[in-house]
There are 2 protein chains.
Amino acid sequence: MTKESNHMPEHTILLVDDEAAIRDMLSIALEAAGYNILSAENAQQAHAIIVDQHPDLVLLDWMMPGTTGLELLRRLKREELTEKVPVIMLTAKAEEGSKISGLDAGADDYIAKPFSPRELISRVKAVLRRVGREALKDPIIVGEMVFDPLGHRVSIANNSIDLGPTEYRLLQFFLTHQERVFSRDQILDYVWGGNVYLDERTVDVHIRRLRKAISVAGHENYVQTVRGAGYRFSTQIQHA
Amino acid sequence: MTKESNHMPEHTILLVDDEAAIRDMLSIALEAAGYNILSAENAQQAHAIIVDQHPDLVLLDWMMPGTTGLELLRRLKREELTEKVPVIMLTAKAEEGSKISGLDAGADDYIAKPFSPRELISRVKAVLRRVGREALKDPIIVGEMVFDPLGHRVSIANNSIDLGPTEYRLLQFFLTHQERVFSRDQILDYVWGGNVYLDERTVDVHIRRLRKAISVAGHENYVQTVRGAGYRFSTQIQHA
DNA sequence: AGCCTTCTGTCATATTTGTGTCATGTAACC
DNA sequence: GGTTACATGACACAAATATGACAGAAGGCT
């Protein structure tokens with residue numbers, strides 16, 4: 001089994017606060033909870049890190065010298081590249097009113113200082129969980145192929161592809177686990193569900209069906225055979 | 001044909017308050033303004049009614065014995081089926097602070113008691129307008145088909161189509177949720193109301209009736225079967 | 001109320017589509 | 001060249017959906 005499945009979050013959180021003391025405090029609490037921490041002391045730095053490292057969540061102090069947290073938030077939400085990054089605002093008790101404008105601007109939650117580590121962690125978890133669920137609903141795009149979970153439809157170059165239920169799940173599995181080899185066993189477990197006993201060769205057949213279905217403009221080349229190991233979905237096309 | 005009075009709003013509002021006196025008062029004021037009223041005296045009842053009848057708006061008292069209004073609100077916003085129902089909270093003057101948490105939890109507006117009927121009505125109108133329930137009154141056009149909620153009429157290429165009540169609601173549901181798959185279960189929930197127990201296959205039959213009714217100039221192709229998943233209304237015609 | 005019409009949900013049956021396995025062909029590896 | 005792993009097409013059976021018919025329910029009309 002893979003290491004990320006021992007349910008350790010392994011999420012990366014960016015802390016943005018001008019006071020080192022607060023950053024440290026948050027950092028300790030969050031690391032103890034199993035998160036990776038990045039930090040920035042101003043909005044510029046923060047923006048650079050976000051663009052660069054794609055943290056899974058940003059904890060953003062409301063009040064900061066220079067560009068305020070709110071401005072950074074607005075900027076993040078304005079740009080397509082960063083609009084999906086979830087943000088939790090940290091606000092001082094006094095500025096209750098600001099909660100609303102923060103939420104308006106697109107923050108996912110806010111926490112009023114002072115707060116307990118427990119509260120912090122639980123909010124962080126809640127936001128990550130919610131965002132994770134929503135991400136499940138976002139279309140996945142690879143090459144000219146669009147995989148739309150909500151519509152339960154796959155299209156390539158705007159033409160609807162038709163897939164059987166199993167091939168659909170297989171493709172979904174691959175798309176959410178790209179660039180990695182899986183044995184037939186693993187694929188059976190993930191795609192068919194844990195307690196089926198089927199011939200491993202069955203996987204081959206469904207792989208073939210999937211390849212056939214998406215063989216438009218070379219998209220079948222994303223599904224790659226790894227001799228002796230299994231299959232892999234990769235956007236790095238193998239040389240012929 | 002339904003009774004469909006003059007051209008009154010015809011919106012349905014659910015009142016949730018534990019005190020009968022208040023329910024009556026609100027009820028009289030709102031009925032005078034042309035709304036249909038449902039009422040519930042506790043959160044459980046309210047939830048059942050919401051799932052079942054899909055009111056256009058919920059007026060929810062903050063303070064109630066048992067599950068409080070806030071808890072109900074959270075629950076509504078948590079479940080996909082009900083997250084879109086607009087909610088106005090009724091709060092006592094004293095609990096000003098609660099406004100904020102109410103809005104946070106997803107309330108659309110709040111009104112502090114005591115309030116005037118005029119204020120109530122205008123807030124209700126405002127929320128309904130904003131939430132776009134008004135938009136629900138605009139005709140929806142797909143291909144040559146015109147779905148006119150006000151006239152409760154559907155026509156294709158200027159010929160009136162006749163649909164049974166269930167097929168009408170089914171079509172309305174599809175038109176307002178295009179390009180998305182729904183399981184038979186979900187369809188039963190949305191179109192029939194939450195607390196019915198019916199055979200899932202019943203959906204198939206109504207789908208067929210709907211298809212048959214709109215099968216003019218190929219409009220039945222908009223209603224698509226997604227094997228293993230349910231049905232979808234899509235303007236991207238399937239297959240070649 | 002009673003009659004008539006329309007609507008509804010369920011069933012039994014037909015049809016379509018998906019499934020896993022096998023036999024055989026083909027390519028990779030030593 | 002022999003061996004192994006994978007690809008492919010065919011097929012029988014399984015599963016899901018479509019369809020037509022029907023009896024009871026609901027609603028309109030006089």
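Just so we're on the same page: letters track the sequence lines, and every chain starts at 1.
Taking side-chain N and O atoms only, A:Trp192 has a distance below 4.0 Å to OP1 or OP2 of C:dG20. Between A:Thr166 and the phosphate of C:dT19, there is a side-chain N or O to OP1/OP2 separation shorter than 4.0 Å.
Residues B:Ile37 and B:Leu15 are in side-chain contact: their nearest non-hydrogen atoms beyond the backbone lie under 4.5 Å apart.
For A:Asp199, taking side-chain heavy atoms from C-beta onward, the closest of the listed nucleotides C:dC11, C:dG9, C:dT21 is C:dT21.
When each of A:Pro165 and A:Thr202 is assigned the nucleotide of DNA chain C with its nearest heavy atom, A:Pro165 is the one assigned upstream, toward the 5' end.
Using the six-membered ring where Trp is involved, B:Phe182 and B:Phe173 have ring planes that are perpendicular, over 60° apart on the 30 and 60° scheme.
The aromatic ring centres of A:Tyr231 and A:Phe174 sit 6.0 Å or more apart. A centroid separation of less than 6.0 Å is found between the aromatic rings of B:Phe147 and B:Tyr168.
How far CD of B:Gln224 is from CD1 of B:Ile237: 6.0 Å, rounded to the nearest 0.5 Å.
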Extract from the structure each pairing of a protein N or O with an N or O of nucleotides 13-17 of chain C at less than 3.5 Å, listing the distance.
from, atom 1, to, atom 2, distance (Å)
C:dT16, O2, B:Arg227, NH2, 3.3

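Residues in residues 209-229 of chain B take part in no salt bridge (Lys or Arg N to Asp or Glu O under 4.0 Å) pair, two or more places apart or across chains. Pairs passing the salt bridge (Lys or Arg N to Asp or Glu O under 4.0 Å) check and including a residue from residues 172-195 of chain B, sequence neighbours excluded, read A:Arg153-B:Glu179, B:Glu80-B:Arg180, B:Arg184-B:Asp204.
In this view, B:Phe233 and B:Tyr222 satisfy the ring pair (Phe, Tyr, Trp, His ring centres under 6.0 Å) rule, not counting sequence neighbours.
Atom OH in B:Tyr168 sits roughly 14 Å away from atom P in C:dT8 (whole-Å rounding). As a whole-Å value, the separation of B:Leu198 CG from C:dC7 C1' is 14 Å. Put simply, CD on A:Gln224 is 19 Å from P on C:dA27, counting in whole angstrom units. Distance, A:Glu200 CD to D:dA7 C1': 16 Å, rounded to whole Å. If you measure from atom CG of A:Leu170 to atom P of C:dT19, you get 11 Å, rounded to the nearest angstrom.
Side-chain contact of B:Arg75 with B:His47: a donor-acceptor pair under 3.5 Å is present, judged by distance alone. With hydrogens and angles left out, the side-chain atoms of B:Glu144 and B:His219 include no donor and acceptor closer than 3.5 Å.
Annotation: the terminal axes of the helix from C:dA1-D:dT30 to C:dC30-D:dG1 meet at 40°, where each axis is the rotation carrying the C1' atoms of four end pairs onto the next four (5 pairs per end, rounded to 10°).
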ask   = What one-letter contact string describes nucleotides 18-25 of chain D from 5' to 3', where B marks a base within less than 4.0 Å of any protein heavy atom, S marks contact via sugar-phosphate atoms alone, and - marks no contact?
value = SBBB----
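The environment of CG in A:Asn158 is sparse: at most 12 heavy-atom neighbours from other residues, nucleotides or ligands sit within 6.0 Å.
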